[in-house]
Amino acid sequence: MPPIIPQIFGILAVATFLLSYQQKKRKNIILLNVTSRALYIIQYFLLGAFSGAVLDILGAIASVIAEKKDKPFLKKHLKAVIIAVNAVIIVTGLLLYENVYSLLPIAGVLLHTGAFWLSDERIIRRISLAGSPFWFVYNFKSRAYGSAVGDILTMASIVIAMIKYRKKEEKNV
């Protein structure tokens, strides 16, 4: 397979991910984030970066569960569900250990998906921003160069969205 194919999936994943943080509504942020994760998963499998692929699968599942956090069952057992989801991510990540770099997606997934359990879009963006450097290093080391560049763009996009929505809030006060 030409080496450009995984990079194309990575670039598409990045574009979708960047678009996600420009959304105003939490639900749309999560929907586009899950779509982006699916594209990243394909890229990681094509590159042989299995810990990134598996952790992104878990991240997508965690994001979907978090999007449904207001459903009665989840609302009633929210703390237990969050602990269980995070435990599965951590244990799976540790079982997939290859080297120190394979630990980075654990932190990235925990931060990105952990943010979705919250309701405040501003805090979602801040916590997601903290997860991006972990993915940047992992992507660079895994030869997912399009995604590594995308991580830089993602951080910039989140900062832009934070500024944009802060200015809108200040105008409405």
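Sequence positions, counted from 1, serve as the residue numbers for this chain.
- Applying the side chain to side chain donor-acceptor pair (under 3.5 Å) test to residues at least two apart or on different chains, the pairs with a partner in residues 113-122 are K69-S119, D120-R122.
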(request) Test ring pair (Phe, Tyr, Trp, His ring centres under 6.0 Å) on H112 and F17 and set out the steps. (result) CA-CA 11 Å; H112 282 158; F17 194 72; 5.5 Å; yes
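- Applying the ring pair (Phe, Tyr, Trp, His ring centres under 6.0 Å) rule to pairs touching residues 141-163 yields F140-Y145, sequence neighbours excluded.
- Residues passing the ring pair (Phe, Tyr, Trp, His ring centres under 6.0 Å) test with F45, sequence neighbours excluded: F50.
- Note on residues 80-109: no pairs pass side chain to side chain donor-acceptor pair (under 3.5 Å), not counting sequence neighbours.
- For residues 148-171, no residue pair satisfies the ring pair (Phe, Tyr, Trp, His ring centres under 6.0 Å) rule, not counting sequence neighbours.
- With sequence neighbours excluded, the residues that form a side chain to side chain contact (heavy atoms under 4.5 Å, CB included) with L18 are V14, L153, T154, S157.
- For L31, there are no side chain to side chain contact (heavy atoms under 4.5 Å, CB included) partners two or more places apart in sequence or in a different chain.
- Every residue meeting the side chain to side chain contact (heavy atoms under 4.5 Å, CB included) condition with I90, not counting sequence neighbours, appears here in chain and number order: L94, I106, L110.
- Listed by chain and number, the residues in a side chain to side chain contact (heavy atoms under 4.5 Å, CB included) with F136 are A148, D151, I152 (sequence neighbours excluded).
- Each side chain to side chain donor-acceptor pair (under 3.5 Å) pair with one or both residues in residues 26-36, not counting sequence neighbours, appears once here: N33-R37.
- Sequence neighbours left out, the pairs with a member in residues 38-53 that pass side chain to side chain donor-acceptor pair (under 3.5 Å) are Q43-S147, Y44-N139, S51-Y138.
- Remark: F116 pairs with no residue by the ring pair (Phe, Tyr, Trp, His ring centres under 6.0 Å) rule, at least two apart or across chains.
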